[in-house]
Amino acid sequence: MTDSTLPLHREAADPATPQIRLAEIAAAHHELHPVIAGNPSCYPALIEWMLQLGTITPVMPAPAEVTPTAAVPCVAAPFEAAGATPRQAADAAASALANPYARPDQSSKRPPKKLLIWGSIGVIVLLVGGGGVWAYGAIFSKLGGASSPTAAVEKLLAGTADRDLISVYGSLSPAEVESFKAPIDELGAIAMDDENGDPVDMPELINTVVDSLNITLTGIELEAEDVEDGIAVVTITAGELTMNGDAETITDAYLEVVGPQLRLQQESWGSDDRNTDSMIADLRESSIAELNDMLPFTQTAADLADTLGHDATIVTVREGGSWYVSPLLTTGENILQSGSHDSTRGNLVAADDAATFDTAAAAAEGFAEAVIAFGENGDYGDLAAVMPESERRFLSLYGDALMPTDGDGDFDNLQVTDFSVTPEVNGDTAHLDLDSIVIEGDGYNWPYRSEFSGVCVATDSGYSSFEGCLDDASWMKELGADSWQVLAVEEKSGWFVSPMRTVADVAGIAVGNLVRLSQDGKLDRLYQ
């Protein structure tokens with residue numbers, strides 16, 4: 001059961017919450033589906049998707065609840081846009097709302113078939129015209145995962161071949177990719193000028209490149225192997241990928257983005273305009289030549305296996321009843337299979353063995369103690385136990401493949417002798433201000449002491465010492481390093497420090513500062 005006092009719970013239940021935001025919450029927080037389903041503004045397509053996941057139960061609302069006035073205008077919108085009369089639109093909306101939980105095989109009053117066809121056209125009209133809510137409704141089905149491990153991989157490959165970025169995004173683990181949504185959104189807001197000083201339309205530029213590509217996948221064959229409960233490795237056993245594109249279009253798009261930055265960089269190195277023009281012209285010519293030599297590019301599954309030294313594998317995970325591709329675990333699996341040592345997959349930390357912290361501050365202290373313990377015993381399982389689910393499964397399965405410890409660490413008798421953090425909680429996340437963390441003990445047979453405060457660290461190992469801050473470098477300060485903080489997140493079992501979310505938060509701050517610099521025309525500060 002969710003806590004109704006939490007901001008996210010209140011947002012999910014609030015009829016004033018925009019429908020696109022309800023869809024975003026539903027994609028990332030399956031535990032809030034019953035709350036979202038009870039929101040009068042929850043639209044039928046989202047209800048149907050949650051039903052398919054099995055996270056809500058079909059029920060018939062009471063007669064007094066079947067036509068909430070707040071929702072009728074939104075549901076009627078596509079019918080009105082299609083040319084239906086206000087009365088027809090209202091009837092259609094009331095019909096859709098009368099039994100929002102109804103499955104297709106359940107009897108319910110439906111609008112005439114012709115009206116449904118024109119309603120679909122209305123959705124397309126709103127999509128083209130910028131109707132955010134219904135545009136999101138039209139693509140939401142692409143974000144719902146798949147019914148099996150192989151279906152998840154097929155969805156990813158099909159989205160790639162169709163150049164459908166939404167479908168590709170929707171095939172990936174929500175627990176992993178949601179962390180990076182904010183910095184990606186910020187990245188889309190960066191304002192850049194081309195070499196003539198005219199604004200670069202980034203979405204149009206991306207579409208130009210995507211439209212110039214042609215990707216085909218043929219004869220794909222997949223085999224799935226369950227390695228843990230809810231985790232399966234999918235192997236690409238056969239198939240062929242062919243990619244072609246226009247070399248000049250791709251190169252010119254690349255230079256349109258990086259050209260101004262290359263000029264600033266060359267200027268900071270003392271190059272004049274003539275030399276810079278020549279350098280960029282040479283870069284364009286060589287890039288086009290290399291792309292023309294490479295395209296069309298064709299590779300079979302056997303070719304890829306020869307290149308990698310092992311069969312191409314993609315790891316999938318089950319989240320909220322659906323299967324998704326896990327970028328983290330796929331990276332770990334390929335590192336494991338490519339390794340020269342004899343590492344094997346570890347074992348997932350059992351749910352009962354995962355740590356539970358009631359507060360963000362307790363999670364921070366527990367994380368610090370787990371890092372210390374890892375420094376002494378090199379046990380990835382114990383370290384993984386204090387992390388959020390997605391990072392827990394990655395570290396427990398593949399930690400030893402990334403950095404083998406042989407069950408031993410390099411430090412002894414480490415202790416936290418001072419610990420003080422101030423958490424700033426916002427819903428299910430908390431930014432941790434590191435007031436003072438002092439760790440002391442022995443490392444490599446020398447006395448060891450480290451003190452962390454904000455973004456600064458001071459270490460003394462007996463024979464050498466160091467003091468410094470992340471924002472000492474001017475370019476780091478421009479990217480907001482003085483405001484970077486460790487991030488903790490709340491999951492069903494409690495609070496956890498999240499290295500991955502911390503990286504995402506730092507990336508979001510850095511990208512936000514890039515946006516500011518680009519909009520102010522001051523990107524050259526990064527090269528000073």
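All values reported here derive from a predicted model rather than from experimental measurement.
- Rounded to the nearest 0.5 angstrom, D352 CG and S493 OG are separated by 10.5 Å.
- Considering all non-hydrogen atoms of both residues, E176 and P327 come closest at OE1-CD, 3.0 Å.
- Ion pairing between E319 and R393 holds under the 4.0 Å rule for side-chain N and carboxylate O.
- Summarising the geometry, atom OG belonging to S474 is positioned 10.0 Å from atom CG belonging to L479; distances are rounded to the nearest 0.5 Å.
- The ring pair (Phe, Tyr, Trp, His ring centres under 6.0 Å) search around F496 returns none, not counting sequence neighbours.
- Qualifying salt bridge (Lys or Arg N to Asp or Glu O under 4.0 Å) partners for E491, counting only residues two or more places apart in sequence or in other chains: none.
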Could you give me the CA-CA distance, side-chain angles and deciding distance for T313 and T330, then say whether side-chain contact (heavy atoms from CB on, under 4.5 Å) is met?
CA-CA 7 Å; T313 54; T330 298; 5.9 Å; no
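- Within the 4.5 Å cutoff, the side chain of L432 has heavy atoms near those of the V497 side chain.
- In plain terms, the two heavy atoms of E228 and N347 that are nearest each other are OE2-CA, 3.6 Å.
- For T298, the side chain to side chain contact (heavy atoms under 4.5 Å, CB included) partners two or more places apart in sequence, or in a different chain, are E240, T242.
- Residues passing the side chain to side chain contact (heavy atoms under 4.5 Å, CB included) test with L487, sequence neighbours excluded: H431, R501, T502, D505.
- Evaluation of the side-chain hydrogen bond (donor to acceptor under 3.5 Å, both in side chains) rule for S436 yields D418 as partners, not counting sequence neighbours.
- Atom CG of D472 and atom SG of C456 lie 6.5 Å apart (nearest 0.5 Å).
- Side chain of N513 to main chain of A510: no donor-acceptor pair is present (N/O by atom type, distance under 3.5 Å, no hydrogens or angles).
- For A458, the side chain to side chain contact (heavy atoms under 4.5 Å, CB included) test picks out E467, with sequence neighbours left out.
- L383 contributes atom CG, which lies 11.5 Å from atom CD1 of I372 (distance to the nearest 0.5 angstrom).
- You'll find the side chain of I215 reaches within 4.5 Å of the side chain of M243, heavy atoms only.
- More than 12 heavy atoms of other residues, nucleotides or ligands sit less than 6.0 Å from atom CZ of F419.
- A donor-acceptor contact shorter than 3.5 Å links the side chain of E391 to the backbone of M500.
- When side chains are defined from C-beta on, I314 does not count as touching L222, because their heavy atoms never get closer than 4.5 Å.
- Between G366 and V386 the shortest heavy-atom distance is O-CG1, 4.2 Å.
- Listed by chain and number, the residues in a salt bridge (Lys or Arg N to Asp or Glu O under 4.0 Å) with E333 are R345 (sequence neighbours excluded).
- With sequence neighbours excluded, no residue forms a side-chain hydrogen bond (donor to acceptor under 3.5 Å, both in side chains) with T459.
- At least one side-chain heavy atom of N334 sits under 4.5 Å from a side-chain heavy atom of H310.
- Residues meeting the salt bridge (Lys or Arg N to Asp or Glu O under 4.0 Å) test with E369, sequence neighbours left out: none.
- Contact of the I236 side chain with the D311 side chain is not registered, since no non-hydrogen atoms from C-beta on lie closer than 4.5 Å.
- D428 contributes no side-chain N or O that, together with a main-chain N or O of V489, makes up a donor-acceptor pair within less than 3.5 Å.
- Minimum interatomic distance between G480 and I509 (heavy atoms only, all atoms of both residues): O-CG2, 4.0 Å.
- At least one side-chain heavy atom of V438 sits under 4.5 Å from a side-chain heavy atom of R449.
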side-chain contact (heavy atoms from CB on, under 4.5 Å) between L213 and I250, intermediate numbers included
CA-CA 9 Å; L213 298 174; I250 297 170; 3.8 Å; yes
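- T316 meets the side chain to side chain contact (heavy atoms under 4.5 Å, CB included) test with P149, A152, V153, A232, V234, W323, V325; sequence neighbours excluded.
- A side-chain donor-acceptor contact under 3.5 Å links D303 to the backbone of T300.
- K477 contributes atom NZ, which lies 13.0 Å from atom CG of L470 (distance to the nearest 0.5 angstrom).
- Proximity of D471 to W484: side-chain heavy atoms (C-beta onward) are nowhere separated by under 4.5 Å.
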How far apart are the C-alpha atoms of L329 and F394, what are their side-chain angles, what is the distance that settles it, and do they pass the side-chain contact (heavy atoms from CB on, under 4.5 Å) test?
CA-CA 6 Å; L329 299 190; F394 172 75; 3.8 Å; yes
Test log, rule side-chain contact (heavy atoms from CB on, under 4.5 Å), inputs F452 and V486:
CA-CA 12 Å; F452 302 87; V486 175; over 6 Å; no
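- Expressed to the nearest 0.5 Å, how far OG of S148 lies from CD of E154 amounts to 6.5 Å.
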Indicate every side-chain donor-acceptor pair of residues 356-364 with a distance under 3.5 Å to a residue at least two apart or in another chain.
| residue | atom | partner | partner atom | Å |
| --- | --- | --- | --- | --- |
| T359 | OG1 | A362 | N | 3.0 |

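- There is no side-chain donor-acceptor pair under 3.5 Å between E223 and T237.
- A donor-acceptor contact closer than 3.5 angstrom is absent between the side chains of E225 and T235.
- Nearest heavy atoms, L22 versus A12: CD2-O, 3.6 Å.
- The shortest distance between side-chain heavy atoms of Y398 and V315 falls below 4.5 Å.
- Taking the salt bridge (Lys or Arg N to Asp or Glu O under 4.0 Å) definition, one finds that D226 meets it with nothing, sequence neighbours left out.
- Counting all heavy atoms, side chain and backbone alike, I220 lies closest to G239 at CD1-CA, 3.8 Å.
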